[in-house]
Engineer: 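Pasting a structure below so you can have a look.
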Number of protein chains: 2
Amino acid sequence: MLHEEVVGRIRDILLDGEIPPGARIPERELCERLDISRTPLREALKVLAAEGLVQLLPHRGSRAAKLTDKDMRDLFEVCQGLEALAGELACERITDHEIAEIAAAHAAMVQHYREGDLLQYYRGNRAIHEGIVNAAGNPVLSGLYASVTARIRRARYVTPMTPQRWAFAVSEHEAILNALQRRDGAGLSHILRAHLRHKREEVLQAGFAETEASELTLKIA
Amino acid sequence: MLHEEVVGRIRDILLDGEIPPGARIPERELCERLDISRTPLREALKVLAAEGLVQLLPHRGSRAAKLTDKDMRDLFEVCQGLEALAGELACERITDHEIAEIAAAHAAMVQHYREGDLLQYYRGNRAIHEGIVNAAGNPVLSGLYASVTARIRRARYVTPMTPQRWAFAVSEHEAILNALQRRDGAGLSHILRAHLRHKREEVLQAGFAETEASELTLKIA
DNA sequence: TGGATCCTTTTTGCATTCAAAAATAGAGAT
DNA sequence: ATCTCTATTTTTGAATGCAAAAAGGATCCA
């Protein structure tokens with residue numbers, strides 16, 4: 001197994017919440033599961049720590065990073081900035097073909113919305129945002145965006161979705177697609193910012209605070 | 001020596017150009033020099049590869065990453081976006097004390113400009129930009145900014161500086177400080193964007209292309 | 001019963017080792 | 001001499017081994 005694949009596998013395990021935030025990462029178990037020795041596993045953990053998904057405690061091993069409300073706010077703030085930038089650049093550079101692809105993804109997402117399939121909706125949602133970012137034609141930007149969104153992903157999916165919010169989000173996406181089709185960079189940038197600000201408020205309002213079991217115990221006691 | 005320190009030391013070696021872009025990274029030598037074994041060294045290299053400073057070639061070791069003109073453009077583009085965002089946020093959050101600190105750094109930088117001390121000027125320049133970014137109060141943003149600027153750093157310092165360009169850059173910095181003092185987020189954001197756009201043009205115009213010795217040889221032959 | 005101290009076990013971090021892959025050098029053929 | 005094929009050396013990537021540190025218990029005392 002290649003180094004990047006190991007990193008990817010562990011990243012998925014963390015993002016799926018299989019190892020909950022704050023929990024210790026069991027080196028031995030992961031080694032057995034991925035059928036690798038500790039050396040490549042630890043290399044991957046250091047990389048993930050640099051990405052902010054893993055917290056390394058000297059002589060105390062590694063834990064799945066725990067996000068505070070502040071962390072979440074910061075991540076959304078940066079994400080807004082990156083998407084806004086991507087929106088502007090995408091409007092300058094996007095091809096008709098790419099627009100068509102995003103329009104198709106949008107249509108599919110709306111269909112999932114109508115069917116009430118939240119999981120598929122989120123998947124489509126993500127494809128659209130990623131599509132826009134990639135249409136900016138800037139791999140550095142795409143990379144940073146991927147790293148930032150990875151860290152917020154769990155929160156996005158966990159936050160409860162009300163019918164009103166959902167309908168509004170879809171209407172925002174209509175506006176996003178529209179601005180993109182008109183290649184209105186400033187407009188797209190503005191809508192994306194608002195869209196993410198709304199999402200952030202949802203997430204924070206839902207009281208997203210990744211608290212660890214042991215800490216909870218401590219606070220109660 | 002702590003893991004982060006190893007990463008830092010190697011990063012410095014790369015940024016100082018001690019291992020030139022494209023050159024193989026001599027594991028054995030670095031091990032001896034840092035007095036560590038290959039295990040922690042390789043962990044650090046994987047982290048730096050994730051940061052984009054090192055290129056890993058399967059079964060062929062690691063090389064100092066080489067930046068193409070496109071890479072440089074992309075990095076500047078993202079850097080612009082990050083600084084613009086930071087400028088807006090900083091204006092909302094910066095304290096009088098922080099403004100005073102940046103004003104002091106600015107004064108010092110202008111003094112270095114008058115003295116014609118380019119190195120010290122760059123140092124002050126960097127302190128100002130970092131000060132603004134940090135004043136945004138968003139560690140995620142600061143982290144991404146640090147990572148992006150690290151990769152451009154060498155180019156910035158290598159590019160020749162004409163008296164005209166230098167004078168203009170200083171005047172831009174006057175405007176930057178002014179906007180910050182007025183807490184004019186939109187204005188600051190706009191000036192920072194222009195400032196970086198100019199810098200990028202300088203760098204790219206200077207024909208910054210990190211070409212490897214062996215490649216040169218190949219091209220000549 | 002509660003708590004402090006010491007000892008055992010486990011885990012961590014790094015050095016070392018080992019097999020496989022790549023680079024290098026050398027011999028032979030043209 | 002140059003090219004090619006093979007044998008040797010070097011380097012890489014990963015597993016194992018080892019010392020130090022931390023966690024987990026047991027014992028002793030109040």
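Every chain is numbered from 1, with letters handed out A, B, ... down the list of sequences.
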Engineer: Could you pull out all residues at least two apart from B:P20 that satisfy side-chain contact (heavy atoms from CB on, under 4.5 Å)?
Structural biologist: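 Testing B:P20 for side-chain contact (heavy atoms from CB on, under 4.5 Å), a comparison that skips the adjacent residues, returns B:A23.
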
Engineer: State which residues pass side-chain contact (heavy atoms from CB on, under 4.5 Å) with A:E115; sequence neighbours excluded, sorted by chain then number.
Structural biologist: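 Checked A:E115 against side-chain contact (heavy atoms from CB on, under 4.5 Å); matches are A:Q111, A:H112.
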
Engineer: Report the residues that fulfil side-chain contact (heavy atoms from CB on, under 4.5 Å) with A:E18, sequence neighbours left out, ordered by chain and then residue number.
Structural biologist: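 Counting only residues at least two positions away or on another chain, A:E18 forms a side-chain contact (heavy atoms from CB on, under 4.5 Å) with A:I13, A:R33.
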
Engineer: Indicate for each nucleotide in nucleotides 12-19 of chain C, in 5' to 3' sequence, whether protein heavy atoms under 4.0 Å reach the base (B), only the sugar-phosphate (S), or nothing (-).
Structural biologist: BBSBBB--

Engineer: Test of understanding: with side-chain contact (heavy atoms from CB on, under 4.5 Å), list the residues that count as partners of B:Q80, not counting sequence neighbours.
Structural biologist: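 So B:Q80 forms a side-chain contact (heavy atoms from CB on, under 4.5 Å) with B:R193, B:L196, B:R197, B:R200.
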
Engineer: Applying side-chain hydrogen bond (donor to acceptor under 3.5 Å, both in side chains) as the test, list every pair that has at least one member in residues 89-101 of chain B; sequence neighbours left out.
Structural biologist: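 Qualifying pairs, neighbours excluded: A:E77-B:R93, B:T95-B:E98, B:D96-B:R183, B:H97-B:E101.
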
Engineer: How does DNA chain C read in dot-bracket, base by base from 5' to 3', with Watson-Crick or G-U pairs under 3.5 Å and | used when the partner is on another strand?
Structural biologist: ||||||||||||||||||||||||||||||

Engineer: Show me, pair by pair, the donor-acceptor contacts under 3.5 angstrom made by side chains of residues 47-60 of chain B, not counting sequence neighbours?
Structural biologist:
| from | atom 1 | to | atom 2 | distance (Å) |
| --- | --- | --- | --- | --- |
| B:E51 | OE1 | B:R11 | NH1 | 2.5 |
| B:E51 | OE2 | B:R11 | NH1 | 2.8 |

Engineer: Quick one: list whatever passes side chain to side chain donor-acceptor pair (under 3.5 Å) with B:T149, sequence neighbours left out.
Structural biologist: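 Partners of B:T149 by the side chain to side chain donor-acceptor pair (under 3.5 Å) criterion come out as none, since no residue qualifies.
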
